[in-house]
Amino acid sequence: MKNFYGKRILVTGGAGFLGSHLCERLLGEGHEVVCADNFYTGRKANIRHLLANPFFEVIRHDICFPLYIEVDEIYNLACPASPVHYQFDPVQTTKTSVHGSINMLGLAKRVRAKILQASTSEVYGDPDVHPQPESYWGRVNPIGFRSCYDEGKRCAETLFFDYHRQHKLQIKVARIFNTYGPRMHPNDGRVVSNFIMQALQGEDITIYGDGSQTRSFCYVDDLIDGLIRLMNTPDDFTGPVNIGNPGEFSILRLAEIIIGLTGSGSRIRFEPLPADDPTQRKPDISLAMEKLDWRPGIHLEEGLKKTIEYLRQFADKGK
Ligand SMILES: NC(=O)c1ccc[n+]([C@@H]2O[C@H](COP(=O)([O-])OP(=O)(O)OC[C@H]3O[C@@H](n4cnc5c(N)ncnc54)[C@H](O)[C@@H]3O)[C@@H](O)[C@H]2O)c1
C-alpha cells in the first residue's frame, strides 16, 4: 500500500505529549501521517504547527471504537499517561488500553499494517528486581488506584502477543520509562512538570515521601528516536523492549537541580507517599542497545532547560 511519498502512518494519541513529537518526526522523514485523537488529554496546540502540512491529517476519534482507514504502520500511543488523568475515569482508561488495542490490532490485521504499542514501565509495578530487564514479570497490584493503567497496559501487551501468535501480525512493544520535555502538560501531576511549575511560580516544591525514591528521566527526542528505531527493526523482533534513560536520580536531587536551573527561591516540602508509588524504577536498556543500536544521548540538565523554557509560558500566565 505504499504511496509515492513514503509510508502512510497512523499515530493514535498523536495530539498528546509524545504523539505530537512523533508526528512531527515522521513528517520530517517524508511520511504521510494520520493523527487520531479524542483530545482527552491531548491539545490542538501541540499539533497546530503541523496542520498546514498537506501530508498531515487529524481525525477526532476515540480508539475504543473501530477505525477504518488504509495505513502501512500504526503507532498506538492513545492513553492518558499521568495518574491524575488516568485515575479521573479509570474505566475509560482500561477501555482505552484494552478495547483500543483490540480495535487497532483489528485494523492492523485488516490492512496488514505493522503495529507498535506504547507500553510502559508501569507493567513492572513496584519492582523487586532492579534495574528491570524485559524478562522481569513485574509486581503489580491488580485492584489499586493505579491498576486501571498498569493492568490495562499489561492486558494490551497480552493482546499484541496473541495477535502476533494467532494472526501472524507484525508487532513491536516498547516499554517506555518516564519521559519529559516540551509539550508535557503543565498540571498533570508528573514529577518533572510539577517541580518546574512550582519552581517557576516560586511555590514550595512538594516531595512525596522522603525524596530518596529514584526515577530515571528520558528526554522526549531520545524516546522518539527509540520508538522509530523499534518500528524499523527486522520482522522477527517484537520486543518488549525497554526504552528509557538508565541514569538514576533521587526525587530530592531532581528538585535541587530544577531549583538551580530556574534560579527559584522555592523551598522543598515533604508530604506522605501515595499508595502503590514505586520506590525505585530504572530501565535495563541492554536489549535496546543491542537490537535498536539505541541509547539516550541528552543529559538531564540539557533536557530540563528546554522543558523549563516551554513551561515558562504557563507559569507566566498563572501569575
Ligand atoms: N510520557 C511518559 O513518560 C510515558 C511513559 C510510559 C508510557 N507512556 C505511554 O505513551 C503514550 C503517550 O503518552 P503521553 O505522555 O504522550 O500522554 P498524553 O496524555 O500527553 O497523550 C495521550 C494522548 O492520547 C489521547 N487519548 C487518550 N485516550 C484516547 C482514546 N480513547 N482515543 C483516542 N485518543 C485518546 C489523548 O487525548 C492524548 O492526546 C501513552 O500510551 C502512555 O501510556 C508515556
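Whatever order the structure lists ligands and atoms in, that order sets their numbers, starting from 1.
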A.B. asks: So, does Thr233 use its side chain to make a donor-acceptor pair with the main chain of Leu230 at under 3.5 Å?
C.D. replies: yes

A.B. asks: To the nearest 0.5 Å, tell me how far Tyr163 OH sits from Thr158 OG1.
C.D. replies: 13.0 Å

A.B. asks: Between Phe217 and Tyr180, how do the two ring planes meet: parallel, tilted or perpendicular, split at 30° and 60°?
C.D. replies: perpendicular

A.B. asks: Quick one about Asp188 and Ser193 (side-chain donor to acceptor, distance below 3.5 Å, no hydrogens or angles considered), yes or no?
C.D. replies: yes

A.B. asks: Are the side chains of Tyr208 and Ile251 in touch, meaning some heavy atoms are under 4.5 Å apart?
C.D. replies: no

A.B. asks: Taking non-hydrogen atoms within less than 4.0 Å of ligand 1, which protein residues qualify?
C.D. replies: Gly13, Ala15, Gly16, Phe17, Leu18, Asp37, Asn38, Phe39, Tyr40, Thr41, Gly42, His61, Asp62, Ile63, Leu77, Ala78, Cys79, Pro80, Ala81, Gln92, Thr96, Ala118, Ser119, Thr120, Tyr149, Lys153, Ile176, Asn178, Thr179, His185, Arg190

A.B. asks: If hydrophobic residues (ILVMFWY) are linked whenever their side-chain heavy atoms come closer than 4.5 Å, directly or via other members, who joins Val129 in its cluster?
C.D. replies: Val123, Tyr124, Tyr136, Phe177

